[in-house]
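Atoms considered below: every heavy atom in the structure, side chains included; atoms not considered: hydrogens, waters and symmetry mates. Counting starts at 1 for both ligands and their atoms, in listed order.
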Amino acid sequence: MPEKPYDHNQIELKWYERWQDAQFYKAEENSAKPKFYVLEMLPYPSGTLHIGHIRNYSIGDALARYKWMRGFNVLHPMGWDAFGLPAENAAIANKLPPREWTLHNIAAMKKTHRRFGFSYDWDRELSTCEPEYYRWNQWFFLQMLERGLAYRKKALVNWCPMCATVLANEQVVEGCCWRHEDTPVEQRALEQWFLKITAYADQLLDDMAQLEGGWPERVLTMQRNWIGRSEGAEIDFTLDPSGEPIRVFTTRVDTIYGATCVILAPEHPLNERLLGAEGKARAKAMVDARAGQDPGDVEKEGFFTGHYAVNPYSGEKVPIWIANFVLMGYGTGAIMAVPAHDERDFEFCRKYGIAIRPVIRPASGALAVEPGMEEAFTEYGVVENSGPWSGLASEEARRKMAALAEERGFGKAAITYRIKDWGISRQRYWGTPIPVIHCAACGVVPVAENQLPVVLPDRIEITGTGRSPLENVPEFVNVACPKCGGPGKRETDTMDTFIDSSWYFYRYCDAHNSEMPFDPKKIAYWFEIDQYIGGVEHAILHLIYSRFFTKMMRDIGLISNSEPARRLFTQGMVIAEGAKMSKSKGNVVGADMLAEKFGADTARMFVLFAAPPEKEVDWRVEGAEGIYRFLGRVYRFATRNVERIGQPAGSSDKKALRKLHQTLKKVTEDFETRWHFNTCIASVMELVNVLYAEEASIGGAALAEIIEKLALLLAPFAPYLSQEIWEEMGREGPVFRQCWPEFDAELAKEEEAEIVVQVNGKLRARIYASFGTPQGELEQRALADEKVQALMAGKQVMKVITVPDKLVNIVVK
Ligand SMILES: [Zn+2]
Ligand SMILES: [Zn+2]
C-alpha cells in the first residue's frame, strides 16, 4: 500500500466530529481503579484561547491521557472563571449585556477546546457566573459571617478612578492601575467587607510542610514572604514630655540602644496632634503616592516632626520622624530606627544625616566604628554599649529584654504578619452579590440561607462611572429587612472574583448538586487534587486564597483535607518570535489559527517540545513546521508499512526494537518523574530516524509492534494522529483507552562490546562500551582505568593502538 500524505485537517476534523458526543472522558463515579485528579487552572472567558492556554492544557492533557492508559480513574474537568471586569467594560463598549458577552465567549472557547481534543469531562463543566454556582459563594460568606471570619470595617483602599473600583495591592503596578497603566491610583476610605485570612496565617505557614516536594520551592517561598511572619517585641517609647506611649514593633529589641530615631507611618493617628497643617499635607501626599507599591521598592522619604520620644531602656531622647516606608498595616505603624543594624534604616538615616550607632559586634570580631561604617551589620552577635545588657548574646538579650518590658509594663513579646485580611468588596456589577441587607434599625442583617441565591439582576444599565451599578436598580436594592420587616437596602457591593476560584475544584466533584456546595463523600474520594497545573503568576493570590478556603471548609466540617492540591506545577510563559505577546503589539498567537494552519497535534507537540515545561517557550513558525514534518514522517512510515506486517523477520529487527523499547523506557520514566516532555519527544524523533534508516530490513512482526507502540506512545501528545494510525492498523476503540505500552528492560539494554585493554601487548583490563563508540572515547576510558593507571605510573605513553569494538593497546616506556 502506498504511503499517505499527512493532511492534518482531514484527520483531525474527522475525529473531531466522531468524538463530539462520545463519553470517553467521563470520570467514573464508582470505580475500583485508583483515582487521579488532574486539573488545569480554569480560564477567564475573554473570547479566544491563545498559545499560552494551549501550553497549560497540553501539559495537563498529556498527563490525563497517560494516567488513563495506566489504568487510573481520571478526573479531568474544565470550567469558566466567568465573573469580572472585562465583561463590564465590553458591555459599555458594545452595549452588550455582560451575561451575553460572557456566554458568547464561553461558547467560542469551548469549541476551540474541543478542536484541540482536550480530554475534559464536559458533564462537570461549571461557570462561576451562574446562580447555581455563586449561590454557594454566598452560602460560604454566610458561614464565615456567622463565625466572625467575615466582617466590615472602614479602610483605606486603592481606588482606580477609571475602573471606579477598589484594587488589591497586587492590582496596582508602579502606583497605577494594572488595567490602566497611565492612571494613578488614589487612596479612599470606604466601608468594606473583609475575610479574616490572618486568623489562618500560622496554619498557612505550618501546612506548607505538607507541600514540600510537591509544590515548586519558589511558590512556597513567595507564599512564606507574602505571609511574612516575624517574631519580635512591642515596646513603648514615650512622647516627651507628656509621657504618652508610642508603641513600636521590632524583631531586634537587642539593638534598642542603637535606636537613633522613632519613625511613624504617615497615617499614624498620633500625627493628628504632632503635626501642623503643612506636616499633615506632606503625610497625606506620602500616603497617596505609595498606593499599592511595594514599600520595599519606594525611594525612602521622610521629615522630622519637631518632637522627641524617650527610649524606655536607656532614657535617651530621640527625634520622631515620619517616613513613607513605615506602614500602618504592619506591626504598630511605628518603628525604632537602628541604622547600624538594619539595612532599610541605614539607608534612611544616612540620607537624612541621622546618627548611626553600632551596638552589636560579630561574635568573633570588633564593634564597627561609627563614622565610616559602610553598611548595616544585620546578623546576631554580642550586645555592646547597652548598659546592663552589654556582653549578652543577641538571642539571650532579646529574650531577657522582652521579659523586662513585660514585667515593667512597657511592652511584650509579639508576632506580626505581613499578610492582611482579604478585602472582598468590589463596587461592580458583574460578580456575586454579597448576601446581606442593611437596616436602619437592625444594622447588617444576613440573608437567610433558604433565600439564596441573591440573584444578580439581568439587563441593567452600566455606565462605567460611580459606585456599583447595582445602586441604580431599585427593585434589587429596596427590600424588607428580614428581621424587623422595615425598609432595608441590599448590599450593592459584589465579591472579589478570587472567591469564585477559591473552591471551584471542589464543585467539579459534584457539579450539579442543588442542596449543598458538594457532597462531602465525593470530596473524600477525589481529594486532594493529585496534580494542579497553572501559571506562576497565581503563586500568591489564587493559591493562598484557595488554601485558606480549604481550611475554612474543613473547620465548618465539610471536608477533612487541609490542603487542596498535593502537587502543583507551574508552567513557563510563552513568548512569540522572541517578544512578549500582547494585544497592543498584535503578536498574540491564537489557538484557532494554530489548529487550522498546523493542526492541534502539531501545536500541542510544539509547546511540549520547544522547552522543558517549567521554562519559557518561544513560539517560532519554523519550530512548528519542524514538528509538522516529524508527524508527517510518522504517519507516512505507518501507512506505507502496515501492509508489510505479515512479512518474515528482518535483519534490523533487533536494532529497531531495542530503540523502540529504549524510547518507551525514557518516555515512561519522564511521565513518572520530571515531565521533560521536550526530551521525551526528542527521543521519539530519534526512534523515527532509526526506523527510516533501517526500514527496508525490518521484518513484519517487528513492524507490527513498532507501529502499534508508536501510536500508543504518541497518544498523550498527538491524540488525533495516534487515533488515525490505530485505525489504519485495523484496531478498534479509542487509542487513549488502551494500556500504556510496558517497556522490556532486557530488550532496552544497549548491547555492549567487551574491549580488551593491553599495556605493552599484555592483557591488563577489560572495559565495556556501546558498539560503535568512537576511538578517542575508548582510548580515554582505557587510559583512565585504575589498573592501567597504576602500571603507567612514572612512565610515558609512546603510542595507543585502538581496534574499534575490540581492543586498546597502550605502549609505554
Ligand atoms: Zn483601572
Ligand atoms: Zn430591621
Are [X] and [Y] within salt-bridge range, i.e. N to O under 4.0 Å?
X      : Y      : result
Arg115 : Asp592 : no
Glu191 : Lys153 : no
Glu217 : Arg224 : yes
Lys551 : Asp207 : yes

Practice item. Describe, in one word, how the ring planes of Trp422 and Tyr545 are oriented to each other, choosing from parallel (under 30°), tilted (30 to 60°) and perpendicular (over 60°). Key: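 Plane angle under 30°, so parallel.
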
**Study point:** Every N, O or S from the protein that is nearer than 2.8 Å to the Zn ion (ligand 1)
**Key:**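 Listed by chain and number, the nearby protein N, O or S atoms are Cys160 SG, Cys163 SG, Cys177 SG, His180 ND1.
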
Review point. The Zn ion (ligand 2): which protein N, O or S atoms are under 2.8 Å away?
Key: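 Listed by chain and number: Cys439 SG, Cys442 SG, Cys481 SG, Cys484 SG.
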
Check your understanding: Do Phe348 and Trp321 make the cut of ring centroids closer than 6.0 angstrom?
Key ->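 Under 6.0 Å, so yes.
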
Exercise for review: Could you list the residues that satisfy side chain to side chain contact (heavy atoms under 4.5 Å, CB included) with Arg282, not counting sequence neighbours?
Suggested key: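 Scan of Arg282 (side chain to side chain contact (heavy atoms under 4.5 Å, CB included), adjacent residues dropped) gives Glu278, Phe303.
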
Point to revise | Point-to-point distance, once rounded to the nearest 0.5 Å, from CE of Met553 to OH of Tyr506 | key: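 Answer rounded to 0.5 Å: 5.0 Å.
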
Practice item. For Lys196, check salt bridge (charged side-chain N to carboxylate O under 4.0 Å, His left out) against everything at least two apart and list the hits. Key: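 Result, salt bridge (charged side-chain N to carboxylate O under 4.0 Å, His left out) vs Lys196: none returned.
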
